[in-house]
Amino acid sequence: MATEIVDIEANGYAFTARIAGPPSGQPAILLHGFPQTSMCWDDQLSALGDAGYRVVAPDQRGYSAGARPADVADYAVSHLVADVLAIADEMGMDTFNLVGHDWGGYLAWVIAGSHPSRIRTLTSVSTPHPAALGAAILSDDGDQAQRSSYIGVFRQEGGKAEQLLMGEGGSGEGLRQMYVGSGLSPEKADLYVRAMTVPGVLTAGLNWYRAMDAESASGLGDFDMPTMYVWSTEDIALGRKAAEDTASRVRGPYRFEVLEGVSHWIPDEAAETLNVLLLD
């Protein structure tokens, strides 16, 4: 089934979104991470849409031209959560299956934990439960702290991260090296470099990091909905300790899937495997 690109008016902004599947299908929302866009879900949109689901994958706040406020404070997690719920409301999705990757996975955990009545099922791809991640960062072995050290660079204001990622002449060479060096194909890397070097997009994406705070994921309720966490062994950003500890943070039906030899970029690199897991 073909994917349609539309603008969705929600929470005072216009979000560009990819939509697939019949309007009467069971709803699902797919949330991308950094530094990507809803393009990362192209294979999942096709598979889920063909299976009869009504699937919406928005370019989130900062990534959509019509939803790119200037202030760092506008990227607080509370605003990001409100965006997703408003998109769901606009699409008539009272309850929905929620899938997120990377930052989208973090956001999915927060949405499901703070608004459980809206969520049919939760799937986080790559990103562990926020409390498990926090505990792993503070762990004595230092593994996750080292993996997460890039966050401190991304949170700096003043353009240092932008300069690092944009590279010489603003070509996006730093981004390209990051993508390919962490396992993404050069072809996919070029697609995302083009998207992230549109003026304003990279800074907006980095503002997610700059606006984040520890309280955004504190006090999340029990996760009673069916929950799946998909982690890959070659993920350079997210290690095994937090991945394995996530099970202790979920009370309802839980499934932990480990993809051997796959990098952080699961929706792109292991699309067919992920599609089977989601449909199952």
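The basis for the numbers below is simple: all heavy atoms, side chains too, and nothing from hydrogens, waters or symmetry mates. Along the sequence shown, residues are numbered consecutively beginning with 1.
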Review point. Can Tyr192 and Gln36 be counted as having a side-chain donor-acceptor contact under 3.5 angstrom?
Key: yes
Exercise for review: Answer yes or no: are there more than 12 heavy-atom neighbours, outside Gln146 itself, under 6.0 Å from its atom CD?
Suggested key: no
Point to revise | Under 3.5 Å: donor-acceptor pair, side chain of Arg118, backbone of Asp94 | key: yes
Practice item. Check the pair Tyr106, Trp103 against ring pair (Phe, Tyr, Trp, His ring centres under 6.0 Å), reporting the backbone distance first and the verdict last. Key: CA-CA 5 Å; Tyr106 181 96; Trp103 246 113; 5.1 Å; yes
Review point. Can you list the steps and then say if Asn207 with Arg61 is a side-chain contact (heavy atoms from CB on, under 4.5 Å)?
Key: CA-CA 10 Å; Asn207 283 345; Arg61 181 177 290 228; over 6 Å; no
**Study point:** Distance-only polar pair, side chains of Thr95 and Arg120, donor-acceptor under 3.5 Å
**Key:** yes
Review point. Among side-chain atoms of Ser126 and Asp102, is any donor-acceptor pair under 3.5 angstrom?
Key: no
Practice item. Look at the side chain of Arg54 and the backbone N and O of Gly25, then say whether any donor-acceptor pair between them is shorter than 3.5 Å. Key: no
Practice item. Indicate yes or no: at least one non-hydrogen side-chain atom of Trp109 is less than 4.5 angstrom from one of Thr227. Key: yes
Review point. Is it true that Val84 and Phe15 fall in one hydrophobic cluster, defined by side-chain heavy atoms closer than 4.5 Å?
Key: yes
Point to revise | Donor + acceptor pair across side chains of Asp83, Gln60 (<3.5 Å) | key: no
Review point. Say you draw a straight line from CD of Gln144 to CG of Leu138; how long is it, rounded to the nearest 0.5 Å?
Key: 10.5 Å
Study note, to complete from the structure: Tightest non-hydrogen contact, residues Gly52 and Pro22, listed as O-CG, 3.5 Å
Check your understanding: Do the ring planes of Phe154 and Tyr209 sit parallel (below 30°), tilted (30 to 60°) or perpendicular (above 60°)?
Key -> perpendicular
Check your understanding: Does Val125 share a hydrophobic cluster with Leu184, counting links as ILVMFWY side-chain heavy atoms below 4.5 Å and allowing steps through other members?
Key -> no
**Study point:** Side-chain (Thr246) to main-chain (Pro128) donor-acceptor, under 3.5 angstrom
**Key:** no
Exercise for review: Tell me, with the steps shown, if Leu206 and Gln156 meet side-chain contact (heavy atoms from CB on, under 4.5 Å).
Suggested key: CA-CA 9 Å; Leu206 289 166; Gln156 293 181 26; over 6 Å; no
Review point. Heavy-atom count around Gln163 CD within 6.0 Å, excluding the residue itself: above 12?
Key: no
Check your understanding: Going by atom types alone, do Asp7 and Thr16 pair a side-chain donor with an acceptor below 3.5 Å?
Key -> yes
Check your understanding: Can Met91 be reached from Ile111 by stepping across I, L, V, M, F, W or Y side chains whose heavy atoms are under 4.5 Å apart?
Key -> yes
**Study point:** Any donor-acceptor pair under 3.5 Å from Ser182 side chain to Tyr179 backbone
**Key:** yes
Check your understanding: Passes side-chain contact (heavy atoms from CB on, under 4.5 Å), His115 versus Val81? Steps please.
Key -> CA-CA 10 Å; His115 297 84; Val81 169; 3.9 Å; yes
Point to revise | Residues Asp280, Arg255: salt bridge by 4.0 Å N-O rule | key: yes
**Study point:** Val72 with Tyr13, same ILVMFWY side-chain cluster at under 4.5 Å
**Key:** no
Exercise for review: For side-chain hydrogen bond (donor to acceptor under 3.5 Å, both in side chains), just list the numbers for Glu234 and Ser263, CA-CA rounded to whole Å, side-chain angles, deciding distance to a tenth of an Å, and then say yes or no.
Suggested key: CA-CA 4 Å; Glu234 302 307 304; Ser263 77; over 6 Å; no
**Study point:** Side-chain donor/acceptor of Glu4 to backbone N/O of Ile19, under 3.5 Å
**Key:** no
Review point. Are any side-chain N or O atoms of Arg147 and backbone N or O atoms of Asp235, one a donor and one an acceptor, separated by less than 3.5 Å?
Key: yes
Exercise for review: Check the angle between the aromatic planes of Tyr63 and His32 and answer parallel, tilted or perpendicular using the 30° and 60° thresholds.
Suggested key: perpendicular
Practice item. Could you check Ser248 against Asp245 for side-chain hydrogen bond (donor to acceptor under 3.5 Å, both in side chains), going step by step and ending with a plain yes or no? Key: CA-CA 6 Å; Ser248 66; Asp245 184 40; 2.9 Å; yes
Point to revise | Straight-line distance of Thr123 OG1 to Tyr229 OH, nearest 0.5 Å | key: 12.5 Å
**Study point:** Side-chain heavy atoms of Thr273 within contact of Asn275, under 4.5 Å
**Key:** no
**Study point:** Lys/Arg N to Asp/Glu carboxylate O, Arg176 vs Glu187, below 4.0 Å
**Key:** no
Practice item. Group every Ile, Leu, Val, Met, Phe, Trp and Tyr by side-chain heavy-atom contacts under 4.5 Å, then state whether Ile151 and Val110 land in the same group. Key: yes
Review point. Would Ile236 and His264 count as a side-chain contact (heavy atoms from CB on, under 4.5 Å) if you check the C-alpha gap in whole Å, the side-chain angles of each, and the deciding distance to 0.1 Å?
Key: CA-CA 7 Å; Ile236 66 170; His264 176 75; 5.5 Å; no
Exercise for review: For Asp143 and Lys241, run salt bridge (Lys or Arg N to Asp or Glu O under 4.0 Å): C-alpha distance rounded to whole Å, both residues' side-chain angles, the deciding distance at 0.1 Å, then the answer.
Suggested key: CA-CA 9 Å; Asp143 176 68; Lys241 183 176 180 59; over 6 Å; no
Point to revise | Donor on one side chain, acceptor on other, Arg18 and Thr3, under 3.5 Å | key: no
